[in-house]
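The next block holds one structure in the form of structure tokens; read it before the comments.
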Amino acid sequence: MLEEVTTTARSAIYAGALIYSVAFLFGMSALLRRTSYPKSIMLTLLLSGFIFQSLGLNLRGIQIKSCPLGNLFEISQFISWSMVLLYFIVGTAFSLRLLGLFTAGLASCLALTSLIIPGWDTPYPTSAAVNPLIELHASLAIFSYAIFAIVALISLMFLIQQHGLKEKQFRGLYQYLPSIQILDLVAKRLLITGVTVLSTALFFGIAFWISYPESVPLTKLLPTVLLWIGYSSVMVLRIRKRLGTRRHAIASIALFIFAIASLWPVQSVLSKNPAPAKVGKAPDESMRR
């Protein structure tokens, strides 16, 4: 029964990733023809992929009896899922043209990569009694990564548009991008939101570490702390107008690359406490082994 759930969950996640890829290819083909793609079609494709991915992650969560954040596969899927969710909110609120295309591209890249590499979906110890502090820390931390992913995409759009203005290019991709003023404003607001969410995640993570220092070595929290310091520094400098818009965009992209690279050590922090059962394995099989 558990193996059937695992197969169904993975198939649903795979379908979502493929739909994200279709959305990206659809948008790119329109831009290569120097035409604007219908926003309704892009929204429909992303929504369809989001529904399939949500179904797969939900089945995965029911299987392990907690939020699916125990290995690189689940973390990558949760980031891509959160990115698409944020696009529905941010894209609608600020009418950011082409953000759907950029989101579909990065979401499909993360989702497909985690599906293609078998080593990312390794079994890990699970427990029905997961400490709520570490569960909350994990979900908030990874959700903040998704916010920073959207910041990085908007920063990339900003750099492209700035280059177009500098070179006096107003056709093709450049004509569909929002103004640099709007892109900078949205990136700054999302940066503040992301730092706030990550700060909250760190609060719960440190509270858990203080209560159970033997469960999570302090060195395992170091990448997240360094990421928080980096983003907080950029946020403070940007608010105090000591960091130019271009450098702000470059720093946001660089920090997100560091965030993705830090997933390997961070995922060991997000793993659950040891228990007999493993993902995709029935309890009686585990006991016999």
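- With Ser144 as reference, Val197 is the one residue of Thr224, Thr193, Leu227, Val197 to meet the side-chain contact (heavy atoms from CB on, under 4.5 Å) rule.
- Cluster annotation: Leu185 is not connected to Leu153 through the hydrophobic network of ILVMFWY side chains, with a link wherever side-chain heavy atoms come within less than 4.5 Å.
- Leu243 has its side chain out of reach of Val236: every pair of non-hydrogen atoms, C-beta onward, lies at least 4.5 Å apart.
- The shortest side-chain heavy-atom distance between His137 and Phe208 does not fall under the 4.5 Å cut-off.
- Aromatic ring orientation, Trp81 versus Phe50: parallel (interplanar angle below 30°, classes split at 30° and 60°).
- Rounding to the nearest 0.5 Å places CG of Leu191 at 13.5 Å from CD1 of Ile150.
- At least one side-chain heavy atom of Phe88 sits under 4.5 Å from a side-chain heavy atom of Leu43.
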### Task
Could you go through the side chain to side chain contact (heavy atoms under 4.5 Å, CB included) check for Leu31 and Leu98 one step at a time?
CA-CA 10 Å; Leu31 290 180; Leu98 293 188; 4.2 Å; yes
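- Between the side chain of Tyr145 and the main chain of Phe256, no donor-acceptor pair closer than 3.5 Å is present.
- In this structure, Leu86 CG and Thr103 OG1 are separated by 9.0 Å, a value rounded to the nearest 0.5 Å.
- We find the CZ-CZ distance between Arg10 and Phe73 to be 4.5 Å, quoted to the nearest 0.5 Å.
- Of the candidates Leu159, Thr245, Leu165, Ile160, Ile180 forms a side-chain contact (heavy atoms from CB on, under 4.5 Å) with just one, namely Leu165.
- In this structure, Ser155 and Ser252 approach most closely via the heavy-atom pair OG-CB, 3.5 Å.
- Listed here is the closest heavy atom pair of Gly61 and Pro68: CA-CD, 4.1 Å.
- For the pair Leu112/Ser21, a side-chain contact is recorded, criterion being any heavy-atom separation below 4.5 Å from C-beta on.
- Checked by atom type and distance alone, the side chain of Ser80 pairs as donor or acceptor with a backbone atom of Gln77 at under 3.5 Å.
- Using a 4.5 Å cut-off on side-chain heavy atoms (C-beta onward), Ile260 and Leu263 make contact.
- At least one donor-acceptor pair closer than 3.5 Å links the side chain of Thr35 to the backbone N or O of Ala30.
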### Task
For Met83 and Leu110, run side chain to side chain contact (heavy atoms under 4.5 Å, CB included): C-alpha distance rounded to whole Å, both residues' side-chain angles, the deciding distance at 0.1 Å, then the answer.
CA-CA 11 Å; Met83 283 174 51; Leu110 283 173; 4.1 Å; yes
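- Rounding to the nearest 0.5 Å gives a distance of 13.0 Å between OH of Tyr14 and CD1 of Ile19.
- The two residues Gln162 and Arg246 come nearest to each other via the heavy atoms OE1-NH1, 3.1 Å.
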### Message
Assess the residue pair Ile13 and Phe52 against the criterion (side chain to side chain contact (heavy atoms under 4.5 Å, CB included)); give the C-alpha distance rounded to whole Å, side-chain angles, the decisive distance to 0.1 Å, and a yes or no.
### Response
CA-CA 6 Å; Ile13 291 173; Phe52 275 102; over 6 Å; no
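- The OH atom of Tyr20 lies 11.0 Å from the CG atom of Leu45; values are rounded to the nearest 0.5 Å.
- Considering all non-hydrogen atoms of both residues, Ala187 and Ile154 come closest at CB-CG2, 4.0 Å.
- The distance from the CD1 atom of Ile142 to the CG atom of Leu69 is 6.0 Å, given to the nearest 0.5 Å.
- Looking only at distances, a side-chain donor or acceptor of Gln161 sits under 3.5 Å from a matching main-chain atom of Pro178.
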### Query
For Asp184 and Arg238, what are the C-alpha separation, side-chain angles and deciding distance, and is it a side chain to side chain contact (heavy atoms under 4.5 Å, CB included)?
CA-CA 10 Å; Asp184 178 59; Arg238 187 69 186 91; 2.5 Å; yes
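- Taking a 6.0 Å sphere around OH of Tyr37, one finds it holds more than 12 heavy atoms contributed by other residues, nucleotides or ligands.
- Side-chain contact check for Val186 versus Ile182: some heavy-atom pair is nearer than 4.5 Å.
- Closest heavy-atom contact between Thr122 and Gly119: CG2-O, 2.8 Å.
- In plain terms, the two heavy atoms of Ala149 and Leu106 that are nearest each other are CB-CD2, 4.1 Å.
- A 4.5 Å side-chain heavy-atom check between Pro38 and Phe26 finds at least one atom pair inside the cut-off.
- For the pair Glu135 (side chain) and Cys67 (backbone), a donor-acceptor distance under 3.5 Å is present.
- Between the side chain of Ser139 and the main chain of Leu136, a donor-acceptor pair closer than 3.5 Å is present.
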